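So the structure is just underneath, and the comments pick up after that.
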Amino acid sequence: MINDVQNKLQSFPIKEFQDDLINWYLAEKRDLPWRKDQDPYKVWVSEIMLQQTRVDTVIPYFNAFITKFPTINALADADEEEVLKAWEGLGYYSRVRNLQAAVKEVKETYSGKVPDSPLEISKLKGVGPYTKGAILSIAYNIPEPAVDGNVMRVLSRILSIWEDIAKPKTRKIFEEATYELISKEDPSSFNQAVMELGALICTPTSPKCLLCPVREHCTAFDEGVQSELPIKSKKKKPKPLQMAAAVLYDNTGKLYIHKRPPAGLLANLWEYPNLELDSMSGKTYRDQLGEFLLNEYGIEAELSELTGTVEHVFSHLIWNISVFIGKVKNVNDTNLLPVTEEELQRYAFPVSHQKIYQIYKKADLS
DNA sequence: GACCCGTGGTC
DNA sequence: TGACCAAGGGT
C-alpha cells in the first residue's frame, strides 16, 4: 500500500499543491491564541489540549492555562491539584498529568528548553507521533509529518487512499506520503494548512469542495467520491453501568469527598462517594449505598430517598447514577475529606460529579 | 492490536 | 435521538 501511494506521488504536482495550500492558509487561517507566536511551550500545551477536543472548547482553557502557567518552569513547579483544576472539564485527564511530568523532565534534563530532536521529544510523556511532529514542525520549522485525523481525511481524498483510517497501522501510510508532500521551506505552515483545510473545508461530512484551494489536485473530487472517503470503521458502543452516589453533609455544613486513585478512569480527580450497583443482590440501591458507606468509609449516614439521577456518557462507558443525600451521623476512621463549600472550589471534579453536586444544591434539605 | 481514557457539539 | 465526532496517547 505504501508503494501504491508512492506511485501516485510520482505523478502528483507536489510543488503546486504546496503553494496553493500554503497561500490559502496564509490568507484564511483563523486567529487562534496559540498562533500568536511560536513558543514551543505554548505550541505544546495547545497540541495536548487539542487532542480529541474541539478548537472552540480549547480556546478558553488555553488562555486560562497560559495565564496561570506561562512558562515551562511555572508549570513544572505548580501544585498538581491546581494543574488538575485548570484542566477540569476538558476530559482525558491523563493528558495533563503526563504534560506536567514531561515539563518537569524538560526543566531538569534539557535546561527548560523543549528538545528539537525527534528522538528526544518522543521520550516525553504524552508526546506521541502526532504531537512530536506538530511541535517540531510548528515551533521549530522542521519538516516532520504531523498526522492527525484531519491529515488522514484530507490526504485520503486528495490521493484516493481507501485504507481504514481507524486502524493504527494506517497512520504510517500517511506519514510516508507527508514526507514527500511537506514543504521543506515552510513545514510549519504546510502542516497547519492541511489541518486547517480539514477543519474548515475538507470536513468529515459535506466537504466544501467548491471553496477548496486544492480542488484541482484532488483525486476524490475528480472521481466524485469525496463523500465516500475516508474509510473509517465503527467503534463499539459504550457499556452502561448502574451506580449510586451519596452527597454527605454534617451539622457543620461540610461535604465529604473522595480522591480517586492515581491511575485509570478520572485518575486523581475528586468525587462524591459512590459504587457500582449489583442488580442481582435483591437489596435496594439505597441499602447497597448505605452498606458501602459503612464498610468502605466507616460512615453512618441517614440517607434520603432517591433525590435525582445523573446520566454521563464516556467514550467507552455510560454511568447511570442514582443520587442520594446523606446526613452524617457517625464518622469512624475515614479517608473521606470533609470540606466547606468554599473549599470545594479548589478541587477538580469530573463533569459527572458536578452534576451530582447540582442535584444536592437543588434539593430541599428541610 | 485491542482496549482504555472525557466531554460537548452536531445532524 | 443515537451515532459520530475533535489537532491522540498509554498500556
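This one's a predicted model, so the numbers in the text were calculated from it and none came from an experiment. We name chains A, B, ... by the order of the sequence lines, and we start the count at 1 in each one.
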task = With the side chain of Gln52(A) defined as its heavy atoms from C-beta on, choose the nearest nucleotide among dG1(B), dT7(B), dA6(C).
result = dA6(C)
query = How about Thr71(A) and Asn73(A): does a side-chain donor come under 3.5 Å of a side-chain acceptor?
reply = no
message = Is it the case that the base of dC5(B) and the side chain of Arg95(A) share a donor-acceptor contact (distance under 3.5 Å, atom types as modelled)?
response = no
request  = Report yes if at least one side-chain N or O of His316(A) is closer than 4.0 Å to OP1 or OP2 of dC3(B); otherwise report no.
outcome  = no
key: OP1 or OP2 of dT7(B) under 4.0 Å from side-chain N/O of His312(A)   = yes
inquiry  = Between Arg153(A) (side chain only) and Cys202(A) (backbone N and O only), is there a donor and an acceptor less than 3.5 Å apart?
reply    = yes
query = Among side-chain atoms of Glu341(A) and Tyr357(A), is any donor-acceptor pair under 3.5 angstrom?
reply = yes
note = In whole angstroms, the gap separating C1' of dA6(C) from CD1 of Ile48(A) amounts to 15 Å
key: Distance in Å, Ser160(A) OG paired with Lys8(A) NZ, rounded so as to fall on 0.5 Å steps   = 5.5 Å
inquiry  = With hydrogens left out and only the distance checked, is there a donor-acceptor pair under 3.5 Å joining Thr53(A)'s side chain and the base of dG6(B)?
reply    = yes
query = Does DNA chain B take part in any stems of at least 3 consecutive Watson-Crick or G-U pairs (both distances under 3.5 Å), and if so, which ones?
reply = B:2-5 with C:8-11, B:7-11 with C:2-6
query = Given the C1' atoms of dC4(C) and dG6(B), what is the spacing between them in whole Å?
reply = 15 Å
Tyr93(A) OH to dG10(C) P, straight-line distance once rounded to whole Å = 19 Å
Euclidean distance, atom CH2 of residue Trp319(A) to atom C1' of dC5(B) [Å, nearest integer] = 12 Å
query = Applying ring pair (Phe, Tyr, Trp, His ring centres under 6.0 Å), which residue pairs with at least one partner in residues 18-44 of chain A are found, sequence neighbours left out?
reply = Trp34(A)-Phe62(A)
request  = By nearest nucleotide on DNA chain B, pick out whichever of Arg54(A) and Leu265(A) is the more 5' one.
outcome  = Leu265(A)
